[in-house]
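Report on the following structure.
Ligands are counted one by one from 1 in listed order, and the atoms in each one are counted from 1 as well.
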Amino acid sequence: MLELNAALTGSADYLFCRIDEAVADYRAAHPLARLISLGIGDITQPLAPVAAAALRTAAAEMASPAGVRGYGPAGGYPFLQTALAHQYEGLSCPVLPDEITVTAGSKDALGGLFALFSPAVPVWVCDPVYPAYRDCALAAGHRVHTLPCRAENGFLPCPEEITEPGLIVLCTPNNPTGAVMTRAELQRWVDRALAGGSLLLVDTAYAAFVTDNSLPRSIYAVPEAHRCAIELGSFSKSDGFTGLRCGWVVVPEACGCAGAWRRWLGSHSNGISYPVQRAAEAALSPTGLRQRGRALGVYRRNAERMLDFFTRRSVPCTGGENAPYLWVRCPDGGDSWGWFRRLLEECGVICAPGAGFGAMGEGWLRFTAFGKNAATAEALRRMDRLF
Ligand code: MLT
């Protein structure tokens, strides 16, 4: 047997696979259990009608002799790059269409972004962290350093803790804690990156959940960020695309790695399917943005209801405002996998144990607001006894 990549064999399985496995075992033993998932952040609301119509039209187009299409451009069709650039213009964060690459989603783009840099370049991730950042960086051969995000710091990392230049991965609104960075906080990161020669990789997959207009929805709200920041975006959560797969990456020319990114893309991607890109374009249209509001409203109601539930019980928690995740202290402050199992067995509720997001996550649980309203309300009723 050839030697396998130690980053894949030497660590526990991906968090959400471990959760699926634990739930599958429980279901096998309790086939009649009515479980409610507040675990993985997967959408429950349908696609916007205008996006679904665009999918159908594009599929019909491809089925006609005049509309048949083969490989698309690796970076994405210009119509979607332009629609995305228009969105950035609306945020007063101008980005050129050419700097935008359409991807299958953030996770799929991460491996490519880490591959652009020598394994000698370290990667800095938060702790707790969305585990895909850490796993993809390790699989690409990088050393990974962690930036502790503590309650006393609003669960935000500190730029002063960067002791060696590298790739710094940030996520705002944050998965898993729901913490959101202000413009001043992002500015500190840009200043740090420019001063030390680091590059920021900023995941804004949850930007659509920001309702407070004083909070930035893109790193490019900070002047000079084009020189030191790559941004990832996604249609997954805002537009119900977790099953369709579409996102984007902005790699500004001024970052110095746009050529390497094009080189990587040329040999690793044949682009995202035409119907999916047409659906994404429709999701960004004025009608699409209006229709997206319905699903976001459902998720926001869940977040408010959960926040109210924990706050009334004086359970320490954060997130849920401008973010679809709540980060909640385990009732006795202890073992998060133990609490995951208790909630599963005693309430039929699936959450995500904080320890799966890093050592600093121990003692915490993550709840997602992506459920249906009635199911989320029922989950809270069931958990009443334990919190
Ligand atoms: C999450 O629940 O953190 C994400 O939705 C899972 C993922 O995107 O892999």
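- Annotation: F209 is in aromatic contact with F370 [ring centroid separation under 6.0 Å].
- For ligand 1, the protein residues within 4.0 angstrom (heavy atoms only) are Y14, F16, I40, G41, K107, Y130, N175, K237, Y325, R366.
- Between D239 and R292 a salt bridge is recorded (basic side-chain N to carboxylate O distance below 4.0 Å).
- Cation-pi check for R69 over Y77 is met; the charged atom lies under 6.0 angstrom from the ring centroid and within 45 degrees of its normal.
- Both tests do not hold together for R192 against W189: distance to the six-membered ring centre under 6.0 Å, angle to the ring axis within 45°.
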Audit row: L244, L55, side-chain contact (heavy atoms from CB on, under 4.5 Å) steps and yes/no: CA-CA 10 Å; L244 279 183; L55 257 183; 4.0 Å; yes

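- Within the cation-pi definition used here (under 6.0 Å to the ring centroid, within 45° of the axis), R305 does not qualify as a partner of F309.
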